[in-house]
Each structure stands twice: as structure tokens, then as C-alpha cells.
Amino acid sequence: MNANDLDTPAVTIALGVMEETIRRAQAYYDEHGIAFRPHIKTHKIPAIAHKQIAAGAVGITCQKMGEAEVFLAAGLKDILIPYNIVGAQKLERLCNLAKQGTITVSVDSEYTARGISEAANREGVEIGLEVECDTGMHRAGVQTPQEAADLARVIARLPGVAFRGWMTYPTTRETVAFFEVASRLIERDGLKAEIRSGGGTPGMWQAHEALPTVNEYRAGTYVYFDRNSVGADAATWDECAMLVHMTVVSRPTQDRAILDGGSKTLSSDGVGGGQKGYGRIVEYPDAVIYAQSEEHDHVDLSACPPDRRPDIGERVTVIPNHCCATTNLHDEVYGVRQGKVEVVWPVLARGKIR
Ligand SMILES: Cc1ncc(COP(=O)(O)O)c(C=O)c1O
């Protein structure tokens with residue numbers, strides 16, 4: 001089937017573009033001796049993770065346990081979950097994962113570390129722990145190198161868990177100093193942060209600047225890239241592999257078109273880098289998706305030349321602002337090569353938020 005014959009809305013992945021990105025990213029990390037651990041929350045498709053591992057990735061990153069369960073069952077056995085795992089039900093599931101693979105988790109409190117330790121000890125498994133450090137994002141994470149070192153010392157004494165190192169998101173200007181001070185503080189206790197993990201697509205091509213301190217990197221969005229990646233200068237439009245195919249279903253005025261997408265198709269995530277709207281219409285780059293309903297995208301055509309505007313029934317392709325959020329809205333995506341659908345991938349970890 002041709003991609004242009006797919007009923008809309010439909011999400012396609014340009015296979016050649018994605019494969020080249022996987023190759024190029026891995027080559028960059030190999031060249032610099034940085035371990036690469038792609039984040040699968042972008043594609044949520046085990047077949048793509050297997051391509052990333054085949055290219056040379058050391059393992060994968062999953063944000064949620066539900067994602068890790070899907071990927072482990074699909075044969076991906078080395079998984080980092082950079083998330084604080086709290087609560088009895090999740091701890092039981094975490095131990096089940098650790099019985100089948102190599103599982104590392106990040107923690108930012110003694111409470112969370114002790115919970116994992118008790119569960120792992122009871123179940124007779126070992127779980128690797130990285131201390132999550134807040135190096136500027138102000139999300140989770142210990143706030144100072146001293147707190148990081150104190151937590152590492154606690155972990156080192158707990159049964160069922162092993163201290164592996166530091167984790168932060170994203171890598172920032174403060175990351176190197178934070179990790180170095182924390183590492184020095186634990187040296188005198190005979191402890192070493194073997195893994196010092198950073199991440200984020202916007203800074204993925206500058207990862208070598210944080211060497212040798214940051215020795216592992218997690219990027220997710222890179223596998224498809226999106227409008228935000230282009231806005232951050234991490235990619236060009238031609239390197240964006242995910243396209244959302246839509247049909248123009250109404251032209252209520254000369255300056256307005258309506259597409260059969262909307263927030264339930266494209267997501268309503270915003271965009272940076274001085275850009276506007278909810279996605280880039282490839283065929284009409286001057287058009288702006290200025291508003292959304294659940295099932296309609298509202299397009300302002302006033303910046304397009306009067307003789308170059310889409311008609312009712314015409315198909316367009318849209319590069320989303322944030323491809324990870326778009327992925328999570330779709331049951332399947334279509335892998336396309338030279339205009340033909342080569343593979344239909346169910347988005348197996350779609351909606352795995354627990
Ligand atoms: C902990 C963590 N690591 C890595 C990533 C990957 O970032 P990006 O999608 O920018 O590559 C994310 C993204 O949210 C994250 O939260």
C-alpha cells in the first residue's frame with residue numbers, strides 16, 4: 001500500500017530517515033566512548049529498540065515500569081528506569097523484572113532506596129540504583145552534591161541494591177561540577193560512581209563536552225526528531241521521521257482550513273525555538289495550526305500566497321511539536337520506505353503510565 005492511500009489521520013515513520021539517525025547517533029557516541037542508552041518512551045515499539053541495540057546501544061531507558069514490562073517481554077534485558085519507584089504494588093513488579101533482566105532504577109531519597117532494598121532483599125534479587133541529581137531542571141533529584149554523596153553511602157550499606165552512580169536530566173552546564181563534587185565526596189568511603197548518566201535530545205550532539213565526567217547518555221526524541229528538536233538545532237526538517245497524515249475536511253473561509261487531526265491525534269504540546277502553533281504542515285510551511293479541538297486542527301492560511309492554499313479533500317503531512325506525546329495517542333504507526341508501507345508496528349507500550 002502507498003502511504004498516501006492510508007486512511008487519515010495516520011502516523012508514518014520514514015524508515016530510511018530513522019535508520020540513518022539511529023546509525024549516526026550511535027556513531028557519534030561510539031566515536032567519543034560514551035555509552036548510549038536510548039529512551040524508548042518516544043517510540044514505545046520493541047522492534048525499534050532492537051534496531052537501536054543492534055546499532056550498538058548498551059541497553060534501553062524506560063520511564064515507567066509498564067514500559068519496562070513490555071520491552072523486557074520482547075527480549076530487551078538491560079533496562080534503566082530513571083524514576084522513583086514508590087509503593088508496594090510497583091515494588092513487587094520491579095522485583096519481577098529484576099528476576100528476568102538487569103534492572104537499574106534512579107532514586108532521590110532514602111525512603112525510596114529503602115523501599116527498593118527491602119523488596120529486593122525479600123525477593124532475593126539485586127537492583128542497581130543511581131542517585132538522581134537535580135542539576136537545573138528542578139524536577140526530581142537531590143539538590144546538592146553533598147545530598148547525593150550521603151544517599152550513595154546509605155545505598156552502599158543496604159542489602160538487595162547496588163550503588164551504580166549518578167543520573168540527571170537533562171545534562172546542563174551545572175552537571176559536570178555537580179557530578180565531580182559528588183564523586184569526590186564518596187571517594188574517601190571507597191565508593192565509585194561507575195555510571196554517570198546524562199540525557200536529552202536538544203544537547204545530544206554536545207554530549208562529548210561533558211566528558212569524561214558524563215559517561216552515559218540517554219536520548220529518546222532523537223529517533224524520530226520533531227519540531228522542538230529542530231527548534232533546538234538538534235535536527236533539520238529532513239531528519240524528522242514522524243509525519244502525521246491528515247485530510248483537509250473544511251475550508252470555512254479564504255484564510256482558514258480545518259484538518260481531521262486535533263489534540264487527540266497530534267497532542268497539544270507546545271513548541272519552542274521561536275515557533276508558533278501545534279505542528280508544521282510540510283506542504284504549507286507558512287500555514288499555522290493556531291488552535292485545536294479534540295478532532296479538528298484549525299489552520300490559519302493568511303501567510304500563504306492566495307494561489308497556494310489547500311483544497312477540501314487534499315492530504316497534508318504534519319511534523320508534530322513533540323513526537324513522544326503523539327506516539328502515545330496512536331494504536332499503530334506505519335513504517336514507510338519510498339512511499340510504500342513496509343511495516344505496521346503496534347505501539348505496544350502505548351498508555352503504559354503505571
Ligand atoms: C529521565 C529522562 N531521560 C532521558 C530523556 C530523553 O530526553 P529526550 O526525549 O529529549 O531525548 C527524558 C525525556 O523526558 C527523561 O525524562
Side-chain angles (χ1 to χ4, degrees), residues 35 37 39-41 49 58-134 139-169 178-179 182-197 199 215-216 218 349 352-354:
R37 183 178 285 279
H39 204 313
I40 61 74
K41 51 107 192 181
V58 294
I60 60 168
T61 309
C62 296
Q63 203 73 358
K64 289 295 183 79
M65 199 109 62
E67 292 174 333
E69 286 165 347
V70 168
F71 279 72
L72 197 113
L76 293 134
K77 303 281 188 195
D78 187 331
I79 301 180
L80 166 68
I81 306 175
Y83 206 90
N84 284 287
I85 305 296
V86 174
Q89 287 154 300
K90 288 206 176 64
L91 289 171
E92 194 185 325
R93 289 165 63 202
L94 182 64
C95 291
N96 280 338
L97 286 176
K99 285 175 187 162
Q100 303 161 65
T102 304
I103 307 296
T104 309
V105 174
S106 73
V107 294
D108 72 355
S109 72
E110 197 171 322
Y111 177 95
T112 308
R114 285 191 185 280
I116 295 172
S117 161
E118 277 162 27
N121 195 35
R122 199 173 48 239
E123 293 295 325
V125 293
E126 187 185 81
I127 296 174
L129 295 186
E130 294 177 6
V131 173
E132 178 168 4
C133 303
D134 178 359
R139 193 166 68 179
V142 296
Q143 296 296 295
T144 63
Q146 185 64 55
E147 283 180 42
D150 291 344
L151 186 51
R153 285 187 201 105
V154 169
I155 292 167
R157 287 196 300 268
L158 291 175
V161 292
F163 171 67
R164 297 260 187 266
W166 316 126
M167 189 286 289
T168 193
Y169 174 79
F178 194 116
F179 280 8
S183 291
R184 266 201 304 278
L185 287 170
I186 57 170
E187 246 169 46
R188 59 179 90 119
D189 303 277
L191 292 176
K192 189 163 191 291
E194 299 283 353
I195 301 171
R196 302 173 302 273
S197 184
N215 63 0
E216 180 168 298
R218 313 172 314 274
K352 299 293 183 197
I353 54 171
R354 290 204 185 96

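In this chain, residues are counted from 1 in sequence order.
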Walk me through it: do Ile195 and Leu80 pass the test side chain to side chain contact (heavy atoms under 4.5 Å, CB included)? CA-CA 11 Å; Ile195 301 171; Leu80 166 68; over 6 Å; no

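The nearest pair of heavy atoms linking Val107 to Thr112 is CG1-CG2, 3.8 Å. Taking each heavy atom of Ala35 and Val58 in turn, the nearest pair found is CB-CG1, 3.9 Å. Smallest separation of non-hydrogen atoms from Pro82 and Ser106: C-OG, 3.1 Å. Between Lys192 and Phe163, the closest heavy-atom pair is O-CE2, 3.5 Å. Looking at every heavy atom in both residues, Lys64 comes nearest to Ile353 through NZ-O, 2.6 Å. Shown here for Arg37 and Thr61, the closest heavy-atom pair between the two residues is O-OG1, 3.0 Å.
A side chain to side chain contact (heavy atoms under 4.5 Å, CB included) with Trp166 holds for exactly one of Pro145, Ser183, Ser197; it is Ser183. Screening Gln63, Arg218, Glu67 for a side-chain hydrogen bond (donor to acceptor under 3.5 Å, both in side chains) involving His39 leaves a single residue, Gln63.
A donor-acceptor pair is defined here as one N or O able to donate and one able to accept, closer than 3.5 Å; no such pair exists between the side chain of Glu92 and the backbone of Ala88. Of the possible polar contacts, one joining the Asn84 side chain to the Asp108 backbone as a donor-acceptor pair under 3.5 Å is found. Panel note: side chain Glu118, backbone Ile116; no donor-acceptor pair is recorded below 3.5 Å. Listed for the Ser117 side chain is a donor-acceptor partner under 3.5 Å among the backbone atoms of Pro159.
Rounding to the nearest 0.5 angstrom, the gap separating the CD atom in Gln146 from the CG atom in Leu151 is 12.0 Å. The distance from atom CD of Glu110 to atom CG of Asp150, rounded to the nearest 0.5 Å, is 9.5 Å. Note: Lys90 NZ to Tyr83 OH = 8.0 Å, rounded to the nearest 0.5 Å. The distance from atom NZ of Lys77 to atom CD1 of Ile79, rounded to the nearest 0.5 Å, is 8.5 Å. Between the CD1 atom of Ile103 and the CG atom of Leu72 there is a distance of 5.5 Å, given to the nearest 0.5 Å.
Asn96 is not listed as a side-chain neighbour of Glu69, based on a closest heavy-atom distance of 4.5 Å or more. Within the 4.5 Å cutoff, side-chain heavy atoms of Arg93 are placed close to those of Arg354. Counting only heavy atoms from C-beta outward, the side chains of Phe178 and Thr168 never approach each other to under 4.5 Å.
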Please tabulate, for side-chain N and O atoms in residues 120-131, each donor-acceptor pair with protein atoms closer than 3.5 Å (sequence neighbours left out).
| unit_1 | atom_1 | unit_2 | atom_2 | d |
| --- | --- | --- | --- | --- |
| Glu123 | OE1 | Lys99 | NZ | 2.8 |
| Glu126 | OE1 | Arg164 | NH2 | 3.3 |

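Within a 6.0 Å radius of NZ in Lys41, other residues, nucleotides and ligands contribute more than 12 heavy atoms.
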